[in-house]
Trainee: 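Here you go, one structure.
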Amino acid sequence: MTTEFDYDLFVIGAGSGGVRAARMAAGKGKKVAVAEERYLGGTCVNVGCVPKKLFVYASQFPELFHASAGFGWHVEAQPRLDWATLRDNKTAEIERLNGVYNRLIENSGADLFDGRATVTGPQQVLVNGATYSARTILVATGGWPYIPKFPGSEHAISSNEMFFLDHLPKTAVVVGGGYIAVEFAGILNGLGVETHLVYRGATLLKSFDREMGAKIAAGMQAKGVHLHLNTEVDSITKTGEQLQAALSTGSTLDAGLVLYATGRQANTAGLGLETTDVVLRDDGSIPVDAHFATAEPSIYALGDVIDRVQLTPVAIQEAMVLVDHLYGDGSATIDYRDIPTAVFSQPEFGTVGLSEEQARADNRDIAVYVSDFKPMLQALGGGSDRITMKLVVDTQSDAVLGCHMVGEHAAEIIQGMGIALKAGATKAHFDATVGIHPSAAEEFVTMREKAR
Ligand code: NDP
């Protein structure tokens, strides 16, 4: 325990990264405080990954009810969704997880402050009216949805509100072409809402492999999502409870809800960082060095607030690297290459490594393998789903540079592929691996014909 300071480490923000850093530092015998003004577990637990995935499960049942008929099941009554049950059961589960986080922090020995903390100097934090000194401060305040300003933008909601809707609308407009937009378009559509996805670009999920983005768009359309690509929302007007979005194409869309999923911005406003030498980018995010140090030597930052890779497992790994740097032997590192990720769109998308476009832009000589087929469930169950798998291979070294999948269980399958890529797997390794039959995943080890 330190004598000079009240705390060795004061963590602001009890999200995935902040909590992991606090627990690990406390585990190393450091005196640690964590302050959280909103909810324990941060975005992921409260208004992100976890409740989103529960909603994705909920939205997949109609297709399963439908498929069950081909397997001999007779569902006597028309299945009907009770939104309030889904929403409230989800909230109860999140509250359970908030409790788990509370206990994790308490059991680690760290002090938890329920309140908004502000920085009042390089080694000083103000929370709940008291000022504490800390040798090191960690800013792990995450991000917040960004909605651009335009006529009527105040009528749009963000993903935060989607988890607590009083009722589901008949029709919804979702704006954006990234993770959150495609995920919520799939959820709403699956829950029976007429869903329009409005995106200003030509290809959804444009930072990923373009062929896969096109497959996801086609799959979403086949499931009933109305896509409006190369289209912007010019304005939103509200009459009673009804909204109308005027589109750049000249047409209008009536909807009970307009969701803007147009990115997230770092949560640094009003944090008091101007009392220190911490530098912010124009968008509010905090640049840090390889050890997550800001321009102020006693202040570190990690997770969404540094805007490197906005993913929970990345924030957690960053936290472990930071604690090792501060209190361990400093040998831990984080490698931002080949981070597997999934978009829980419908159809689902999993990806690791380079897209075909990135590999070509790298001037690599590549071979591309693609397999596109119907999932086995469809043999009796019907439905529109397809599965697409793709390998991008370096022809010189035979290394698998990228591994991409659209279709059922893509996230589960790509997690394993992530290990293979980390281990430097070659196409020959894939070919020498025995498949699991019958599975979709076996296709990854039986791709013999180059598509390009
Ligand atoms: P993204 O950055 O993924 O996508 C933002 C989208 O909004 C882009 O399509 C962008 O278009 C569009 N956009 C931005 N500004 C405007 C504007 N002014 N008008 C119209 N469209 C605009 O952000 P998300 O909000 O979807 O998600 C934030 C982050 O959260 C993700 O990047 C991801 O890291 C993380 N996340 C991860 C999930 C997962 O792991 N499954 C799930 C959800 C979120 P353009 O492409 O043209 O720039």
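Order of listing sets the numbers, starting from 1, for every ligand and every atom in it. Computed from a prediction, not measured in an experiment: that's the story for all the values here.
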Trainee: Out of R200, Q310, R308, whose heavy atom sits nearest atom 17 (C) of ligand 1?
Mentor: R200
Trainee: Quick test: of every protein heavy atom, which one is nearest to atom 7 (O) of ligand 1, and how far off is it to 0.1 Å?
Mentor: T262 CA, 3.2 Å
Trainee: With backbone taken as N, CA, C and O and side chain as the heavy atoms from C-beta onward, which portion of E232 lies under 4.0 Å from ligand 1: side chain, backbone, both, or neither?
Mentor: neither
Trainee: Where is the nearest protein heavy atom to atom 37 (C) of ligand 1: which residue, which atom, and how far?
Mentor: Y179 CD2, 3.3 Å
Trainee: Give the residue, atom name and distance (to 0.1 Å) of the protein heavy atom nearest atom 9 (O) of ligand 1.
Mentor: G177 N, 2.9 Å
Trainee: Judged by non-hydrogen atoms, does Y260 sit under 4.0 Å from ligand 1?
Mentor: no
Trainee: Determine whether the side chains of T388 and D372 contain a donor N or O and an acceptor N or O closer than 3.5 Å.
Mentor: yes
Trainee: Does any non-hydrogen side-chain atom of L104 lie less than 4.5 Å from one of R23?
Mentor: yes
Trainee: When you compare ligand 1 with G263, is there at least one nitrogen or oxygen pair between them that comes in under 3.5 angstrom?
Mentor: yes
Trainee: Could you tell me which non-hydrogen atom of G177 sits nearest to which non-hydrogen atom of Y199, and how far apart they are?
Mentor: N-CD1, 3.4 Å
Trainee: Report yes if the distance between the aromatic ring centroids of F344 and F55 is under 6.0 Å, otherwise no.
Mentor: no
Trainee: Determine, considering heavy atoms only, which of A342, A261, A411 sits nearest to atom 6 (C) of ligand 1.
Mentor: A261
Trainee: Quick check: P148 and ligand 1, any N/O pair under 3.5 Å apart?
Mentor: no
Trainee: Mind telling me whether H291 and H325 have parallel, tilted or perpendicular rings, with 30° and 60° as the class edges?
Mentor: parallel
Trainee: Could you walk me through whether R281 and D283 pass the salt bridge (charged side-chain N to carboxylate O under 4.0 Å, His left out) check?
Mentor: CA-CA 5 Å; R281 295 191 191 95; D283 63 5; 5.1 Å; no
Trainee: Among all the protein's non-hydrogen atoms, which is closest to atom 46 (O) of ligand 1, and how far away is it?
Mentor: Y199 OH, 2.7 Å
Trainee: L311 heavy atoms, cut-off 4.0 Å: which ligand 1 atoms fall inside?
Mentor: 37 (C), 40 (O)
Trainee: With atoms numbered from 1 as shown, which atoms in ligand 1 lie under 4.0 angstrom from a non-hydrogen atom of K52?
Mentor: 41 (N), 42 (C)
Trainee: For atom 42 (C) of ligand 1, what's the nearest protein heavy atom and its distance?
Mentor: E183 OE1, 3.2 Å
Trainee: Minimum heavy-atom separation for K422 and R337, please, with both atom names.
Mentor: NZ-O, 3.3 Å
Trainee: In terms of heavy-atom contacts, does CZ of F150 have more than 12 from other residues, nucleotides or ligands at under 6.0 Å?
Mentor: yes
Trainee: Would you indicate which of T43, I180, V175 comes nearest to atom 43 (C) of ligand 1 when only heavy atoms are counted?
Mentor: I180
Trainee: Decide whether an N or O pair under 3.5 Å exists between G178 and ligand 1.
Mentor: yes
Trainee: Examine the side chains of E443 and Y369 and answer whether a donor and an acceptor come within less than 3.5 Å of each other.
Mentor: no
Trainee: Can you find a side-chain donor-acceptor pair between N98 and N46 that sits under 3.5 Å?
Mentor: yes
